[in-house]
Amino acid sequence: MNQVGDLNKLHKKYFDRGFRVVAITAENTGVVKSKLISAKGAEYWVASDPGRATLGRFTVPGGRTGIPHMYLIDATGKVVGEGKPGEAQIEKLLEAVFIPDLGRDMHAKLKGAVKMYDKGQIGKAWAAAAKFAEGEDRTLAEDAKFLRTKAEAYGAHMQKFVEAGIADKDFDMVYDDIKAIGKDFAGMDVATWAADKKKELDADANVKNEMSAMKSFKKAAANEEKAGGKAKKMGPAIKGYKRVVKKYAGTRAAKMAEAALGRIGG
């Protein structure tokens, strides 16, 4: 709680550059509002997680789980630091973050393409700008090329997200991102890449096993949340976590289940 002021400062200083402070607590929403927001003046995002299911995504068996505890997470969702982050760390991470906004005024004739881009129709915007990229109007051509280059960089950024998710075996996120790429970047090379990657993942038995494991983990986590922190009601959650550890040994979900069992004493 004593760190609320420092976190507020980081929130204010870096929010416009994409940095987010997210506090997750096991307290119910009423306590969160009275103790953290009203009494302490927290200005950043605060989430209530009574079952502590989220904790498993950031800890490993034997890892620190004390409260309060901070994690620094990069743009791909990977934990890159523990403890209160320094501004130098934050600055370094922000330098590597892709900013989707075009960030400058564009030629009037690109109004339609810009509107598509702002709506998330990146592939359509990229295609619409193509007819202006080689015209005699130098300003128009430069703006059109800029939009197309920005769209391609955006696609490359999303591709990195997918590749990072695959490396972390976070296949729920991977499939969501692949679906988004296919829709938002239709007509671009990255959309073709995403479709091919989906076929590759669909045919991979290890991926199917990871997905099944995560599905079972989520059921156990739901039972933990339903127990509301009461030991007498943790039976179904403990049983579910143990099943994940035994049946899906070596998977990402099994590691998360081990962490959950260590936390609730299963």
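Between Glu163 and Lys197 no salt bridge is recorded (no basic side-chain N to carboxylate O distance below 4.0 Å). Under a 4.0 Å N-O distance rule, the pair Lys208/Asp204 does not qualify as a salt bridge. A salt bridge links Asp143 and Arg104; the closest N-O separation between the charged side-chain nitrogens and carboxylate oxygens is under 4.0 Å. Checked for salt-bridge contact, Glu87 and Lys9 miss the test: no charged N lies under 4.0 Å from a carboxylate O. Ionic pairing of Arg252 and Glu210 is not present here: no N-O contact between side-chain nitrogen and carboxylate oxygen is shorter than 4.0 angstrom.
A donor-acceptor pair is defined here as one N or O able to donate and one able to accept, closer than 3.5 Å; such a pair exists between the side chain of Asn8 and the backbone of Glu43. In this structure a side-chain-to-backbone donor-acceptor pair under 3.5 Å is missing from Glu142 to Thr139.
Crowding of Asp118 atom CG: a count of heavy atoms from other residues, nucleotides or ligands under 6.0 Å exceeding 12. The environment of Asp196 atom CG is dense: over 12 non-hydrogen atoms of other residues, nucleotides or ligands sit within 6.0 angstrom. For Lys124, the NZ atom sits in a loose shell: 12 or fewer heavy atoms of surrounding residues, nucleotides or ligands are nearer than 6.0 Å.
One distance of note links CG of Leu10 with NZ of Lys84; it measures 6.5 Å at 0.5 Å rounding. Remark: Ile166 CD1 to Phe161 CZ distance equals 13.5 Å, nearest 0.5 Å. Distance CZ/Phe171 to CG/Asp177: 12.5 Å, rounded to 0.5 Å. Atom-to-atom distance recorded for Lys150:NZ and His157:NE2 is 10.5 Å, nearest 0.5 angstrom. Ile122 contributes atom CD1, which lies 12.0 Å from atom NZ of Lys183 (distance to the nearest 0.5 angstrom). Rounding to the nearest 0.5 Å gives a distance of 9.0 Å between CD of Glu224 and CG of Leu261.
Follow the hydrophobic side-chain contacts under 4.5 Å out from Leu93 and you reach Ile90 in the same cluster. Cluster membership for Val207 and Met256, using ILVMFWY side-chain heavy atoms within less than 4.5 angstrom, is not shared. Under the 4.5 Å side-chain heavy-atom criterion for Ile, Leu, Val, Met, Phe, Trp and Tyr, Phe132 and Met116 are members of distinct hydrophobic clusters. Cluster membership for Ile99 and Val114, using ILVMFWY side-chain heavy atoms within less than 4.5 angstrom, is not shared. The cluster map of Ile, Leu, Val, Met, Phe, Trp and Tyr, joined by side-chain heavy atoms under 4.5 Å apart, puts Phe19 and Val4 in the same cluster.
No side-chain N or O of Asp101 forms a donor-acceptor pair with one of Tyr117 less than 3.5 Å apart.
Judged by a 6.0 Å distance limit and a 45° cone about the ring axis, Arg20 is positioned over the six-membered ring of Phe15.
Taking every heavy atom of both residues into account, Asp184 and Gly120 meet most closely at CB-O, 3.4 Å. Looking at every heavy atom in both residues, Ala129 comes nearest to Ala113 through N-CB, 4.4 Å. Across all non-hydrogen atoms, the minimal contact from Val174 to Val162 is CG2-O, 3.8 Å. When every heavy atom of Ser212 is checked against every heavy atom of Tyr248, the shortest pair comes out as CB-OH, 3.7 Å. The two residues Leu147 and Ala125 make their nearest non-hydrogen contact at CD2-O, 3.6 Å. Heavy-atom minimum distance, Ala141 versus Gly135: CB-O, 4.0 Å.
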Next item on the list: Could you give me the CA-CA distance, side-chain angles and deciding distance for Met106 and Lys111, then say whether side-chain contact (heavy atoms from CB on, under 4.5 Å) is met?
Entry: CA-CA 8 Å; Met106 304 291 284; Lys111 182 178 180 180; over 6 Å; no

Notebook entry, point to check: Should Arg243 and Ser216 be marked as a side-chain contact (heavy atoms from CB on, under 4.5 Å) after you check the CA-CA gap, both sets of side-chain angles, and the distance that decides it?
Noted result: CA-CA 8 Å; Arg243 177 177 179 274; Ser216 292; 3.1 Å; yes

Next item on the list: List the steps, then state whether side-chain contact (heavy atoms from CB on, under 4.5 Å) holds for Tyr71 with Val80.
Entry: CA-CA 8 Å; Tyr71 298 93; Val80 294; over 6 Å; no

Notebook entry, point to check: What's the verdict on side-chain contact (heavy atoms from CB on, under 4.5 Å) for Met214 and Asp172, showing C-alpha distance, side-chain angles and the deciding distance?
Noted result: CA-CA 8 Å; Met214 189 55 67; Asp172 285 346; 3.5 Å; yes

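Aromatic ring orientation, Phe217 versus Tyr241: tilted (interplanar angle from 30° to 60°).
With sequence neighbours left out, the ring-ring contact (aromatic ring centres under 6.0 Å, His included) criterion links Tyr154 to Phe98, Phe185.
Leu72 is listed as a side-chain neighbour of Gln89, based on a closest heavy-atom distance under 4.5 Å. Side-chain contact between Asn206 and Thr251: absent, with no pair of heavy atoms (C-beta onward) separated by less than 4.5 Å.
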